[in-house]
Amino acid sequence: MSTDRVLAPAYQDLADRLREQILAGELQPGDRLPVEPELCAIYGVSRSTVREALRVLSSERLLVTRRGVAGGSFVVHPEPEHISSYLRSSLALFTDSGSVANLLEVRGLLEVPAAGLAAARRTPEQLDALRRTLFDPGRLSGEHTYAANRQFHKVLLEAAGNPLLDAVAAPVFGVLEGRFARNEADDGFWDRVDKDHREIYACVEAGDSRGAERAQSEHLEHLRATYSRIDRERRGEPGEPTSQN
């Protein structure tokens with residue numbers, strides 16, 4: 001069996017080297033990379049290799065290419081939306097149908113402390129925005145109900161006052177929610193969600209960080225049963241055994 005090292009394509013090697021410079025801060029947001037001929041000379045590669053490497057980094061949203069006299073390839077200024085979009089795509093590909101428990105666990109690790117931070121840091125405007133996401137399950141249905149639920153969690157994450165927390169937690173929420181049809185929830189599911197949201201809101205309004213964390217933890221635990229059941233049914237697994245006297 002050969003022990004020769006399998007070499008990465010030249011464009012991948014160049015992309016890796018440029019990525020390392022960006023992540024290390026050697027290339028700052030807004031910096032313009034050398035033009036293609038200069039990159040060819042610096043790294044000893046062909047123009048096609050340079051172009052493919054830049055394409056890879058552009059697909060990762062690390063570079064943006066602009067045309068014209070003042071154009072070129074520039075290191076992007078990172079935006080939370082870009083980070084969330086990339087993470088969500090990566091998580092969706094990384095996770096499989098049996099990973100719902102892992103997604104729920106990660107969501108708890110992020111969103112429970114976020115609720116506590118929101119209670120301590122929320123602004124009057126954020127509190128008002130959170131209040132406006134509360135809904136009456138008897139008056140909403142379908143996509144409108146789900147949109148209100150999604151908006152509640154988004155505003156709560158924003159109220160935590162840490163853009164990176166929002167950028168990291170939102171993709172986990174999105175991947176998890178995207179796996180389940182809106183009409184697969186148990187009877188009374190949305191009534192439970194509404195009750196939980198109002199309890200979380202009351203704690204945030206009162207500035208009760210511990211209470212908000214507790215209410216958020218209980219809310220996610222309530223969701224776990226429904227998501228786990230749907231996941232089992234989709235994979236054709238039997239339900240959890242019921243206890244017998």
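Just the heavy atoms: all of them, side chains too, but no hydrogens, waters or symmetry mates, feed the values below.
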For R67 and T65, run side chain to side chain contact (heavy atoms under 4.5 Å, CB included): C-alpha distance rounded to whole Å, both residues' side-chain angles, the deciding distance at 0.1 Å, then the answer. CA-CA 7 Å; R67 299 184 181 278; T65 299; 5.6 Å; no
For L156 and Y201, run side chain to side chain contact (heavy atoms under 4.5 Å, CB included): C-alpha distance rounded to whole Å, both residues' side-chain angles, the deciding distance at 0.1 Å, then the answer. CA-CA 9 Å; L156 190 66; Y201 171 80; over 6 Å; no
Would you check, one step at a time, whether the test side chain to side chain contact (heavy atoms under 4.5 Å, CB included) holds for V193 with W190? CA-CA 5 Å; V193 167; W190 291 113; 4.0 Å; yes
Give the intermediate values and the outcome of side chain to side chain contact (heavy atoms under 4.5 Å, CB included) for residues L33 and L27. CA-CA 8 Å; L33 269 63; L27 292 171; 4.2 Å; yes
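A salt bridge links R55 with E52; the closest basic N to acidic carboxylate O contact falls under 4.0 Å. The existence of a salt bridge linking R192 and D196 is confirmed by a sub-4.0 Å separation between a basic side-chain nitrogen and an acidic carboxylate oxygen.
Here the closest non-hydrogen pair linking V76 and R61 is CG2-O, 2.9 Å. Here the closest heavy-atom approach between residue A15 and residue A53 is recorded as N-CB, 3.8 Å. Contact between R107 and L223 at its shortest, heavy atoms only, is NH1-CD1, 3.9 Å. Considering all non-hydrogen atoms of both residues, A160 and A114 come closest at CB-O, 3.7 Å. Listed here is the closest heavy atom pair of C40 and V50: SG-CG2, 3.8 Å. Of all the heavy atoms in G108 and P113, the pair that sits closest is O-CD, 3.7 Å.
Separation of atoms OG (S209) and CZ (R121) is listed at 9.5 Å; rounding is to 0.5 Å. Atom OH of Y11 and atom CG of D16 lie 10.0 Å apart (nearest 0.5 Å). Atom CG of L54 and atom OG of S73 lie 4.5 Å apart (nearest 0.5 Å).
Within the 3.5 Å criterion, the main-chain N or O of Q28 finds a donor-acceptor partner in the side chain of D31. Judged by distance alone, the side chain of R122 and the main-chain N or O of V204 form a donor-acceptor pair under 3.5 Å. The backbone N or O of L130 lies less than 3.5 Å from a partner atom in the side chain of T133, making a donor-acceptor pair. Judged by distance alone, the side chain of R32 and the main-chain N or O of F74 form no donor-acceptor pair under 3.5 Å.
In terms of hydrophobic clustering, with Ile, Leu, Val, Met, Phe, Trp and Tyr side chains grouped at heavy-atom distances under 4.5 Å, L104 and V112 are assigned to a common cluster. Follow the hydrophobic side-chain contacts under 4.5 Å out from V168 and you reach V172 in the same cluster. In this structure, L62 is a member of the same hydrophobic cluster as Y43, with clusters built from ILVMFWY side-chain heavy atoms closer than 4.5 Å. Hydrophobic clustering of Ile, Leu, Val, Met, Phe, Trp and Tyr side chains at less than 4.5 Å, counting indirect connections, keeps L109 apart from L165. In the hydrophobic cluster analysis, where Ile, Leu, Val, Met, Phe, Trp and Tyr join through side-chain heavy atoms closer than 4.5 angstrom, V64 is grouped apart from L39.
For R132, the salt bridge (Lys or Arg N to Asp or Glu O under 4.0 Å) partners are D128, not counting sequence neighbours. Residues passing the side-chain contact (heavy atoms from CB on, under 4.5 Å) test with S48, sequence neighbours excluded: S46.
Among residues at least two apart or in separate chains, salt bridge (charged side-chain N to carboxylate O under 4.0 Å, His left out) pairs with a member in residues 205-222 are E221-R224.
Aromatic ring orientation, H197 versus H153: perpendicular (interplanar angle above 60°, classes split at 30° and 60°).
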